[in-house]
**Q** 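Next up is a structure, given as structure tokens.
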Number of protein chains: 2
Amino acid sequence: MSRSVNAREKLLEAAVKLVRSKGFAATSVDDLCGEAGVTKGAFFHHFPSKEALGIAAAEHWSKMTGALFAAAPYQQVDEPLERLLAYLRFRRDILDGELCEFTCLAGTMLQEVYAEHPAIAAACQESIASHAATLEPMIAAAMLARGLDPGGASTGWTASGLALHSQVVLQGAFILAKGNGGPAIARDSVDHLTRYICLLFASEGATPDPRS
Amino acid sequence: MSRSVNAREKLLEAAVKLVRSKGFAATSVDDLCGEAGVTKGAFFHHFPSKEALGIAAAEHWSKMTGALFAAAPYQQVDEPLERLLAYLRFRRDILDGELCEFTCLAGTMLQEVYAEHPAIAAACQESIASHAATLEPMIAAAMLARGLDPGGASTGWTASGLALHSQVVLQGAFILAKGNGGPAIARDSVDHLTRYICLLFASEGATPDPRS
DNA sequence: TTTGACATACCAACTGGTTGGTATTTACGC
DNA sequence: GCGTAAATACCAACCAGTTGGTATGTCAAA
């Protein structure tokens with residue numbers, strides 16, 4: 001299948017690394033090839049254009065993060081609200097180390113290329129939306145356990161809306177973290193989000209969960 | 001002072017427009033000159049480098065938004081919490097029209113250039129932080145009116161922290177809006193933030209505001 | 001001997017930036 | 001208030017380096 005160990009994979013890894021820290025436009029094809037230890041011929045053998053690499057990188061990112069969250073400890077928690085709070089704790093815990101290590105490739109690229117490369121933007125959007133979708137069942141279950149309609153009839157907010165809002169908070173947290181040179185603000189915002197969700201389920205629940 | 005009507009000003013306007021929709025790296029000096037109707041000679045007469053233009057654009061953005069918010073209706077509201085909620089209503093109301101018209105230049109640039117152009121990033125950070133700082137007095141006053149310590153001793157959250165969190169939500173909302181092709185998600189997130197703040201001041205206040 | 005996976009060498013277009021010049025204000029001695 | 005010199009604001013042409021992309025070749029496995 002490959003000469004050394006898959007140039008395509010190495011280019012995707014390089015893209016994740018470089019685009020996360022320099023952005024898509026500022027990362028040249030030569031940069032990517034250099035980082036991956038591969039020639040330009042290999043690049044254009046695997047990808048018809050730089051844009052195609054961008055799309056593939058977003059999809060690669062989706063798979064990476066999908067696996068990360070699938071294996072995360074919060075998946076073991078049974079009670080839906082507890083699992084959601086454990087998810088937020090997990091998101092908070094991984095806000096550590098260098099900025100480009102906990103920052104989101106999809107959000108970074110999406111913001112930069114949404115107008116000029118709609119295809120890349122769509123792949124990034126899909127990455128974020130599909131991750132948000134994994135939260136929806138937890139939220140919906142937690143709502144149902146408290147007699148709330150996940151469609152928002154009784155509360156004015158929906159399970160999917162809250163799932164997306166949590167991604168909004170995380171994406172925004174990354175931006176402020178970049179401005180601040182560290183994750184402190186980001187952690188603080190995740191704490192605010194956690195507090196919000198606790199308040200939502202504490203104050204609006206007419207029927208508290210009988211098991212908790 | 002100027003030949004036609006200030007090339008420098010026109011370049012800054014062009015930068016705000018182009019960088020908001022294409023990003024900093026993808027916007028070339030030629031693009032900027034073309035949009036501003038000015039030659040490259042003029043560009044490098046007014047700015048020693050493209051990076052310097054980026055810094056100046058962030059500062060220009062700060063002034064623009066500073067004026068916008070200083071003249072906004074929420075400034076007329078007396079009661080602190082009401083003013084804060086009116087601020088959020090204002091932020092929600094201006095989420096309208098084309099993406100590049102309600103999106104934040106500072107957040108867009110900051111995310112893209114934080115590693116490669118620290119000086120630009122600093123200017124963007126300053127723009128966001130100084131705007132957040134205008135919210136702090138409202139929040140602190142609202143907290144004090146309810147017997148809460150703005151430093152966070154009783155609540156675990158501070159006035160400045162909540163101010164920054166609101167910027168986090170807005171910045172994140174812009175990203176998701178770009179993914180969604182419209183402001184709907186962004187508005188939804190501002191609603192969540194508003195609900196959070198209402199819950200914060202409704203549930204944690206031992207001493208409700210006597211005037212409201 | 002064909003095919004997939006790369007490498008090498010190359011290209012036209014574009015990049016940020018410089019040069020040397022000109023038109024227009026401004027500062028100021030008179 | 002006036003002439004003039006210096007400064008400012010701007011322009012057109014140019015430059016070396018880089019850009020994304022291509023044409024052609026190599027080489028091992030099937």
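Only a predicted model underlies this, so the values are computations on that prediction, with no experimental measurement involved. Throughout, protein chains are lettered first and strands after them, A, B, ... in sequence-line order, and every chain is numbered starting at 1.
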**Q** Nearest-Å distance, CZ (A:Phe47) to C1' (C:dA5)?
**A** 13 Å
**Q** Under 4.0 Å between a side-chain nitrogen and a carboxylate oxygen: does that hold for A:Arg187 and A:Asp96?
**A** yes
**Q** Testing the basics here: between B:Ala163 and B:Ala132, what is the closest heavy-atom pair and its distance to 0.1 Å?
**A** CB-O, 3.5 Å
**Q** Do any side-chain atoms of residues 172-179 of chain B form donor-acceptor pairs under 3.5 angstrom with protein atoms, and if so which ones, sequence neighbours left out?
**A**
{"residue": "B:Lys178", "atom": "NZ", "partner": "A:Gln111", "partner atom": "O", "Å": "3.4"}
{"residue": "B:Lys178", "atom": "NZ", "partner": "B:Thr108", "partner atom": "OG1", "Å": "3.4"}

**Q** Between atom NZ in B:Lys40 and atom C1' in C:dG21, what is the gap in whole Å?
**A** 18 Å
**Q** Expressed in angstrom and rounded to an integer, what is the separation of A:Arg8 atom CZ from C:dG4 atom P?
**A** 15 Å
**Q** Just the rounded figure in Å: distance from C1' of D:dT22 to CG of A:Asp30.
**A** 14 Å
**Q** From the options C:dT15, D:dC10, D:dT19, select the nucleotide whose nearest atom is closest to the side chain of B:Ala42.
**A** D:dC10
**Q** With sequence neighbours left out, write down each residue that passes salt bridge (Lys or Arg N to Asp or Glu O under 4.0 Å) with A:Asp191, or none if nothing qualifies.
**A** A:Arg92
**Q** Expressed in angstrom and rounded to an integer, what is the separation of B:Phe43 atom CZ from C:dG17 atom C1'?
**A** 10 Å
**Q** By nearest heavy atom, map A:Gly41 and A:Val29 onto DNA chain D; which one lands nearer the 5' end?
**A** A:Val29
**Q** Looking at C:dG17, D:dG21, C:dC6, which one has an atom nearest to any side-chain atom of A:His46?
**A** C:dC6
**Q** Choose from D:dC10, D:dG21, C:dA7 the nucleotide whose nearest atom is closest to any side-chain atom of B:Ala7.
**A** D:dC10
**Q** Check this one for me: any side-chain N or O of B:His45 less than 4.0 Å away from OP1 or OP2 of D:dC11?
**A** no
**Q** Separation of A:Leu11 atom CG from C:dA5 atom P, in whole Å?
**A** 13 Å
**Q** Rounded to whole Å, how long is the line connecting atom CG of A:Leu53 with atom C1' of D:dG21?
**A** 14 Å
**Q** In whole angstrom, give the distance that lies between atom CD of B:Glu116 and atom P of C:dG16.
**A** 14 Å
**Q** Would B:His60 and B:Phe47 count as a close aromatic pair, with their ring centres under 6.0 Å?
**A** no
**Q** Is B:Lys50 side chain donor-acceptor paired with the C:dG17 base, going by distance under 3.5 Å alone?
**A** no
**Q** Look at B:Ser28 and C:dT15 and indicate whether a side-chain polar atom (N or O) is within less than 4.0 Å of OP1 or OP2.
**A** yes
